[in-house]
S.K.: 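A single structure is presented below for examination.
On a predicted model such as this, the values are computed, not experimentally measured, just so you know.
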Amino acid sequence: MASLRCFLRSGKKAVSVVLRRELSKSSPVAVQVNVRDALNQAMDEELERDERVFLLGEEVAQYDGAYKVSRGLWKKYGDKRIIDTPITEMGFAGIAVGAAFMTAFSSCAWAVSSIMLCFQAGLRPICEFMTWNFSMQAIDQVINSAAKTYYMSAGVQPVPIVFRGPNGSSAGVAAQHSQCFAAWYGHCPGLKVVSPWNSEDARGLLKAAIRDDNPVVFLENELMYGVPFDLSEEVMHKDFVVPIGKAKVERQGTHITLVSHSRCVGFCLEAAAVLAKEGVECEVRKGGSLQAEEHHPNREARGWQHHVVGVLCCRRDWCPAFNYLDAPAVRVTGVDIPMPYAKILEDHSVPQIKDIIFSVKKVLNM
């Protein structure tokens, strides 16, 4: 009987402890979102947030986009804000730039020797090129109309426009549709040039680009559209943006630094994982913005999709940090030939993981 009373007493205490205990709170589970859907969400949220935002381009409306990036937007926002255009890049790029130029005179004060005009910014177009190779048809509008206006007016006349679409090499499209325009547009004053890698970049950088008063060239990668990445609750928030002009360390390391953009960031991370098994710890830095990035490297091997971008960035970062370098910067680039059609030749023409590993070992004298 005494043992029974003891058991009941201990059971009562256990129950009271359970009742007093708070429920455990687990951290929010990351959501998997591919790059295509991240871009779609960014445009959807910005279209909803600001009625001045609209999208135009070839097949962006009823067909949901050539790569389905604008899927569902036409049904939600209608013909006035999701606009299908003819196959005339010069024409619809000019319409988009003109829409960004639209201003309203909110006040006009006349004085003896001066006229004061207060401008209110116009619309915020997103101009989609089916591929950046076709932007050559519209380069006069992109450079001479959009880029130069904001730059030459010292910011008095904003040009809030985003030019976006797939850039660089894809698969089986040969030399005609494999050009990388990062260096082309990176040379032009007045343009901000960004090149996202993962879903966080795609979502955050596109939202930042749409809200920016500068014309922004947004270089996507066709081969990354279907690749899923984990996104945190913070990234999925409607007000989350990735600041333009900031680099990010994707992997910490102490022996060598790999810097890249777009799809090659993934190659650098995979190469770093292989090298870690051999005792080499690589720092991997992602440059989402191809202008005004913040790099302070000590020892570098650089992997870029386009060799001219690599030259400029090596010079920009190498010269100020020369006394901190233990070895010269090395560029891992594509072969200087027209892109072949055959897959086996195509794979040998663009940077691969093995090329990055080889360059790292060469720099470290391994």
Side-chain angles (χ1 to χ4, degrees), residues 167-169 180 182-187 192-198 200-201 205 219 221 224 229 242-337 347-366:
N167 169 70
S169 60
C180 178
W184 289 55
Y185 290 111
H187 277 83
K192 290 186 176 181
V193 183
V194 297
S195 179
W197 165 55
N198 58 12
E200 179 180 330
D201 289 342
L205 279 173
L219 304 173
N221 188 289
M224 295 301 298
F229 293 90
V242 174
I244 295 176
K246 300 288 185 180
K248 181 182 178 182
V249 176
E250 288 290 334
R251 178 190 174 104
Q252 297 289 344
T254 55
H255 295 118
I256 194 166
T257 300
L258 310 178
V259 184
S260 189
H261 73 102
S262 190
R263 184 167 175 248
C264 284
V265 175
F267 289 177
C268 288
L269 289 170
E270 291 185 49
V274 173
L275 289 162
K277 297 176 182 178
E278 301 181 33
V280 178
E281 292 299 328
C282 301
E283 179 188 62
V284 178
R285 295 195 179 196
K286 171 185 66 181
S289 305
L290 301 185
Q291 294 173 325
E293 295 166 79
E294 293 185 353
H295 297 310
H296 303 287
N298 288 330
R299 292 164 291 205
E300 304 198 12
R302 299 182 172 276
W304 296 89
Q305 285 188 333
H306 195 288
H307 60 282
V308 178
V309 175
V311 169
L312 293 176
C313 293
C314 277
R315 181 187 179 280
R316 182 187 62 199
D317 294 333
W318 190 1
C319 291
F322 181 80
N323 292 327
Y324 297 94
L325 293 172
D326 292 338
V330 173
R331 293 177 291 122
V332 183
T333 68
V335 182
D336 190 13
I337 59 172
D347 290 343
H348 282 81
S349 302
V350 296
Q352 301 293 335
I353 297 169
K354 61 181 179 60
D355 301 317
I356 300 171
I357 294 173
F358 174 82
S359 296
V360 168
K361 291 183 176 181
K362 183 179 179 180
V363 171
L364 296 177
N365 294 318
M366 291 178 63

S.K.: Report the distance from atom CZ of R251 to atom OG1 of T257, rounding to the nearest 0.5 Å.
M.R.: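 The distance works out to 12.0 Å.
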
S.K.: Using 0.5 Å steps for rounding, measure from the OG atom of S195 to the CG atom of D201.
M.R.: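 It comes to 8.5 Å.
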
S.K.: Going through the distances and angles, do V335 and H348 end up as a side-chain contact (heavy atoms from CB on, under 4.5 Å)?
M.R.: CA-CA 8 Å; V335 182; H348 282 81; over 6 Å; no

S.K.: Less than 4.5 Å apart, side chain to side chain, heavy atoms only: is that true for L275 and K361?
M.R.: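 SC-SC contact between L275 and K361 confirmed.
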
S.K.: For a quick test of reading the model, state the closest non-hydrogen atom pair linking F267 to I353 and the distance between them.
M.R.: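 Closest pair (atom of F267, atom of I353, distance): O-CG1, 4.0 Å.
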
S.K.: Closest heavy-atom contact between S169 and V350?
M.R.: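 Reported closest heavy-atom pair: OG-CG1, 3.9 Å.
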
S.K.: Please round to the nearest 0.5 Å and tell me the distance separating atom OH of Y185 and atom CG of N167.
M.R.: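 If I round to the nearest 0.5 Å, the distance is 9.5 Å.
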
S.K.: State, to 0.1 Å, how close C268 and L258 come at their nearest heavy-atom pair, and which atoms those are.
M.R.: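 Residues C268 and L258, closest heavy atoms: O-CD1, 3.8 Å.
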
S.K.: Please find the pair of heavy atoms, one from I337 and one from S349, that lie closest to each other, and give the distance.
M.R.: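 Nearest pair, atom of I337 first, then S349: CD1-OG, 3.7 Å.
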
S.K.: Would you compute the distance between atom CD of E250 and atom NZ of K286 and round it to the nearest 0.5 angstrom?
M.R.: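 Taking CD in E250 and NZ in K286, the distance rounds to 4.0 Å.
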
S.K.: Taking all atoms of both residues into account, what is the closest heavy-atom pair of V332 and S359, and its distance?
M.R.: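 The answer is CG2-OG, 3.4 Å.
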
S.K.: Taking H255 for the side chain and E281 for the main chain, is one N or O donor matched with an acceptor at less than 3.5 Å?
M.R.: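 Answer holds: yes.
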
S.K.: Output the distance between atom CG (L364) and atom SG (C282), rounded to the nearest 0.5 Å.
M.R.: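 Between atom CG of L364 and atom SG of C282 there are 7.5 Å.
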
S.K.: So, the side chain of Q352 versus the backbone of D347: is there a donor-acceptor pair under 3.5 Å, distance only?
M.R.: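 Yes; at least one donor-acceptor contact below 3.5 Å.
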
S.K.: What verdict does the side-chain contact (heavy atoms from CB on, under 4.5 Å) test give for L269 and W197, after you've listed the backbone C-alpha separation in whole Å, the side-chain angles of each residue and the deciding distance to 0.1 Å?
M.R.: CA-CA 12 Å; L269 289 170; W197 165 55; 3.4 Å; yes

S.K.: How far apart are the closest heavy atoms of A182 and H261, and which atoms are they?
M.R.: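 Between these two residues, the closest heavy atoms are CB-CE1, 4.4 Å.
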
S.K.: Assess whether a salt bridge exists between E200 and K248, defined as any Lys/Arg side-chain N lying under 4.0 Å from an Asp/Glu carboxylate O.
M.R.: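 Looking at K248 together with E200, the answer is yes, because their closest N to O distance falls below 4.0 Å.
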
